[in-house]
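Reviewing the structure listed below.
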Amino acid sequence: MLKFLLYILLSLAILFVGLLFFAIDDTPLLKIHQGLNREDIQRAKQLLHVAPEERGQIKTVSLDQKDLNIAVSYLLNHFAENTTQIQIVDDRLMIQIAIFVPKSPWGRYLDFSFNLRQVDDAIVIKSLKIGEISIPDPAANLLIPAIVHNTPLEQHWQLLSQYVKKIHISPQALEISYLGSIVDAAKQLAIQKHRDYPNLHRYQQQINEIVSQHDPSWRLSITDLLQPLFLTAYQQTPTEDAVQENRAIIIAVGSYIYKQDLRRYLPLGLVYSKEYPVFAYKRVDIPQHFIASALLAILDSSLLGEQIGIDKELGDAQKGSGFSFIDLTADRAGTRFGQIAVASTEKAKELQRIMSSTKDYSSIIPEVQDLPEHMDEATFVSKFQSVGSSAYNELIQQIDDRIKALPLYQI
């Protein structure tokens, strides 16, 4: 019996490795796009916007192929770094998705391709492939719902099932009819997710104590907030809860730095005794960029965070304070900080250990004061042509090297 069990386990291990070999690849089937640009993000927000007067009504949107690609990419980026391509052909959607997975011996990309076809009032899955593995249609229509119902996607599926009333695929567009109140339900789902952090209020209260004792003649540093909270987590919480506690700390600090903006989305319920601006390198915008990107990273939206950061700077170049590589540095450092904070139990606990004795913001945000900023659109184009140019990428690489050189980011 023992030999039989070992044989079964070995066979399953070989099968699993084989599946990974055929499912994951070094090169995605899709051409990797540079992410959503400023116009795409604005268009996605417009497509998904529901006005207050529409909350109690059934709203119908018609998405052509371009709009569908923008909306789906925008939503998927909240869950995983990906590149997506959707085509509308007659009565079906032809979908290709490349998910960026952690680097492994098998590759860096997990490819999915499948069709969604209209059959009467139902939508069925056709021609599902995972990497090079073809899944028969009957199995695919059982497999995908099973995956959804047994993962965190289940809550989102229930939300869609309750509020989406009709879906119709036409030769030119995908039409979706839904209750406008789905917006309020989605916000409540996000709030409920953060109630999984029972110590969140404790960290918020600790921030309250820190700011109540702060000497107003000195600038309040971002590490004045982060260091005591991580010290508490390191000393008072078990290792197996390290990831959960790190998320709670980043949410708590974010709730203080973005007091007004996040009140609608996080279960705060705390009025701070003092509300000081938070500084790094004598600036308040750097901590804001850092913690916003860290927040997005712990919610599995690192790519979206980078896109939003670039989008904001491009917008500032056109009308605002100007394009800033200083802000982008804070964005990228914050994203890396958030990724390490939730990467694994071991890395989460090690981050707590380092941060528990960190006194200086230069330990989490590298030197930025020599980087170009305040560039209007014409200046940015003359120096860097565009996002993704060789000159732009060279400077981004220098920024990434500075971040990697800090001991914290070598965990």
Side-chain angles (χ1 to χ4, degrees), residues 36 39-80 82-97 99 112-128 137-138 140-193 264-265 299-301 304 307:
L36 302 176
E39 289 73 23
D40 289 340
I41 293 176
Q42 289 176 335
R43 179 59 177 161
K45 290 178 179 178
Q46 179 184 352
L47 291 170
L48 300 171
H49 175 70
V50 177
E53 62 271 15
E54 298 174 318
R55 299 292 169 90
Q57 304 173 4
I58 292 182
K59 182 177 180 180
T60 299
V61 294
S62 181
L63 306 175
D64 62 20
Q65 185 168 294
K66 181 178 179 181
D67 284 345
L68 188 57
N69 276 277
I70 291 172
V72 170
S73 294
Y74 184 81
L75 289 173
L76 283 181
N77 280 338
H78 285 73
F79 300 97
N82 74 92
T83 184
T84 302
Q85 178 177 292
I86 302 175
Q87 293 178 287
I88 301 176
V89 180
D90 298 327
D91 62 346
R92 66 185 186 275
L93 303 180
M94 300 175 63
I95 302 170
Q96 290 181 287
I97 302 173
I99 302 293
F112 295 86
S113 66
F114 57 94
N115 295 340
L116 294 179
R117 192 161 194 168
Q118 185 93 42
V119 178
D120 298 325
D121 291 331
I123 304 293
V124 297
I125 301 168
K126 297 281 188 180
S127 307
L128 172 64
D137 291 347
N141 283 275
L142 293 174
L143 176 64
I144 298 302
I147 291 174
V148 169
H149 293 316
N150 290 280
T151 66
L153 293 173
E154 166 69 8
Q155 291 178 306
H156 300 277
W157 176 258
Q158 290 180 355
L159 186 72
L160 293 175
S161 299
Q162 182 178 353
Y163 289 91
V164 174
K165 298 304 180 182
K166 184 179 179 182
I167 298 177
H168 178 70
I169 303 173
S170 72
Q172 293 82 31
L174 175 69
E175 294 182 355
I176 304 175
S177 298
Y178 60 93
L179 283 171
S181 51
I182 191 174
V183 173
D184 297 318
K187 287 182 179 179
Q188 287 303 312
L189 184 60
I191 289 173
Q192 187 63 44
K193 179 177 181 179
R264 294 178 299 166
Y265 303 103
L299 300 175
D300 302 322
S301 307
L304 181 63
Q307 291 168 350

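Side chains included, hydrogens not; waters and symmetry mates left out as well; all remaining heavy atoms used.
Note that OG of Ser113 and CG of Leu128 are 7.0 Å apart. Values are rounded to the nearest 0.5 Å. Considering CD1 of Ile169 and CD1 of Ile123, their distance stands at 4.0 Å, rounded to 0.5 Å. The line from NZ of Lys126 to CG of Asn141 is 7.5 Å long, rounded to the nearest 0.5 Å. How far CD of Gln172 is from CG of Leu63: 13.5 Å, rounded to the nearest 0.5 Å. Taken from CG in Leu142 to CD1 in Ile125, the straight-line distance is 9.5 Å, to the nearest 0.5 Å.
Every residue meeting the side chain to side chain contact (heavy atoms under 4.5 Å, CB included) condition with Ile86, not counting sequence neighbours, appears here in chain and number order: Leu68, Asn69, Val72, Thr84, Leu93, Ile95. When the side chain to side chain contact (heavy atoms under 4.5 Å, CB included) test is applied to Ser127, the partners found at least two apart in sequence or on another chain are Asn115. Evaluation of the side-chain hydrogen bond (donor to acceptor under 3.5 Å, both in side chains) rule for Thr60 yields Ser177 as partners, not counting sequence neighbours. With sequence neighbours left out, Arg92 forms a salt bridge (charged side-chain N to carboxylate O under 4.0 Å, His left out) with no residue at all. Asp67 meets the side-chain hydrogen bond (donor to acceptor under 3.5 Å, both in side chains) test with Arg43; sequence neighbours excluded.
Closest heavy-atom contact between Ile88 and Pro171: CG2-O, 3.6 Å. Heavy-atom minimum distance, Tyr178 versus Val164: CB-CA, 4.0 Å. Pro145 approaches Ala140 most closely through the heavy-atom pair CD-O, 4.0 Å.
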Report task. Determine, step by step, whether Leu174 and Ile167 satisfy the side chain to side chain contact (heavy atoms under 4.5 Å, CB included) criterion, reporting the C-alpha distance in whole Å, the side-chain angles of both residues, the deciding distance to 0.1 Å, and the verdict. Result -> CA-CA 7 Å; Leu174 175 69; Ile167 298 177; 3.6 Å; yes
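When atom types are taken as modelled, the side chain of Gln96 and the backbone of Gln85 share no donor-acceptor pair closer than 3.5 angstrom.
Pairs of residues two or more places apart, or lying in two chains, that qualify as side-chain hydrogen bond (donor to acceptor under 3.5 Å, both in side chains) and include a residue from residues 160-169 are Trp157-Ser161.
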